[in-house]
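Reviewing the structure listed below.
Scope of the values below: all heavy atoms of this structure, side chains included, with no hydrogens, waters or symmetry mates. Since the model is a prediction, treat every value here as computed from it, not as a measurement.
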Amino acid sequence: MTNDLSRNQERRGTARIASWAVVVIALVFLGLLAFFIFAPLSNASRQATPLKVAPEQNQGGNAPAPTSPPAG
């Protein structure tokens, strides 16, 4: 059997359901935001570090081309 509710009671019920939906969506959004902001910090690789090249890597076919003539 259906309940005959007044318009005011229907609005209150709808507002209650909508408010819970907004709360759940806000919590999911904040959780995802926190995950994507703070997750990279645990790896300590948030910013790219410059690549350090050892002297022995500067020999052979993959060596970078000299940008200025050698001193001498």
Side-chain angles (χ1 to χ4, degrees):
M1 186 165 91
T2 60
N3 294 336
D4 292 329
L5 301 174
S6 69
R7 186 142 175 98
N8 221 4
Q9 289 175 328
E10 286 182 5
R11 280 189 191 153
R12 261 190 271 137
T14 304
R16 185 177 298 152
I17 292 172
S19 65
W20 279 111
V22 168
V23 168
V24 169
I25 290 171
L27 288 175
V28 169
F29 176 75
L30 291 175
L32 288 173
L33 186 68
F35 174 76
F36 285 113
I37 287 177
F38 295 121
L41 289 177
S42 63
N43 295 335
S45 63
R46 185 163 177 107
Q47 293 180 354
T49 57
L51 184 62
K52 295 181 181 177
V53 179
E56 61 270 5
Q57 290 177 331
N58 286 334
Q59 299 172 358
N62 291 333
T67 56
S68 62

Members besides I25 in its Ile/Leu/Val/Met/Phe/Trp/Tyr cluster (side-chain heavy atoms under 4.5 Å): none
Single-linkage hydrophobic cluster F36~V28, side-chain heavy atoms < 4.5 angstrom: yes
Please list every donor-acceptor pair under 3.5 Å in which a side-chain atom of residues 6-17 meets a protein atom from a residue at least two apart or in another chain.
from : atom 1 : to  : atom 2 : distance (Å)
S6   : OG     : Q9  : N      : 3.3
Q9   : OE1    : S6  : N      : 3.2
T14  : OG1    : E10 : O      : 2.9

Within one Ile-Leu-Val-Met-Phe-Trp-Tyr cluster: L30 and V22, side-chain cutoff 4.5 Å: no
